[in-house]
Amino acid sequence: MSGQHDGSAFFNQPKVRNMKQSFKFTVATLFAVLCGIAGAQTAAGGTAPTKAQAAATDPIVKARADQRSARKVYNDKVAAAKKARDAKVKAAVDQAEADAKAQGKDPLVAKRDAKKKATEAAKPEYDAVVKVARQERDAAVAAAKKQAGEAAPKR
């Protein structure tokens, strides 16, 4: 026997081919089984209800949607109040800065003082708007929770 060999004695070629074929077969079988399971789930369960259908029938989902819309309305009202307050403050600050420049005073100090005064002056109006919006939001959220609690099945 010579010192060199072609490797066929070390690696049994027919076994390797059989292993490759069995691996391919196993993968194909596994894929077919998984696809069959997924198909069976959709066929047995029918079509899943859409979000709109679930919201129309499920009281918890409807209550959460109502709460979400109440919070959105609140956030919109508060944002509008902030925008109005900031516009008033900015107008006062700009006027104070222009006056300070005209009088030869430091505009930064004038802006700082005007901002503080304008913010304090606008605070009661802003707080009133936020308070009303908060009460409306809290009432809507409480109504949604109550409605969901009455419609929920008792355990």
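A salt bridge is absent between Asp86 and Lys82: the closest approach of a Lys/Arg side-chain nitrogen to an acidic carboxylate oxygen does not fall below 4.0 angstrom. A salt bridge links Asp94 to Lys90: one of the charged nitrogens lies within less than 4.0 Å of a carboxylate oxygen. Salt bridge Arg134/Asp138: absent, no basic N to carboxylate O contact under 4.0 Å.
The distance from atom CD of Glu120 to atom NZ of Lys115, rounded to the nearest 0.5 Å, is 12.5 Å. Taking CG of Asp76 as the reference point, atom CZ of Arg71 lies at 13.0 Å (rounded to 0.5 Å).
Between Tyr126 and Thr119, every side-chain heavy-atom pair lies at or beyond the 4.5 Å cut-off. Using a 4.5 Å cut-off on side-chain heavy atoms (C-beta onward), Arg137 and Lys77 make no contact.
Scanning both residues, Ala70 and Val141, for their nearest heavy atoms gives CB-CG2, 4.2 Å. Taking every heavy atom of both residues into account, Ala100 and Ala110 meet most closely at CB-CB, 3.5 Å.
No more than 12 heavy atoms of other residues, nucleotides or ligands sit less than 6.0 Å from atom CD of Glu125.
Grouping the Ile, Leu, Val, Met, Phe, Trp and Tyr side chains by contacts below 4.5 angstrom, directly or via other members, places Val129 apart from Val89.
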**Study point:** Candidate pair Gln95 and Asp99, rule side chain to side chain donor-acceptor pair (under 3.5 Å), full reasoning
**Key:** CA-CA 6 Å; Gln95 181 63 38; Asp99 291 345; 3.0 Å; yes
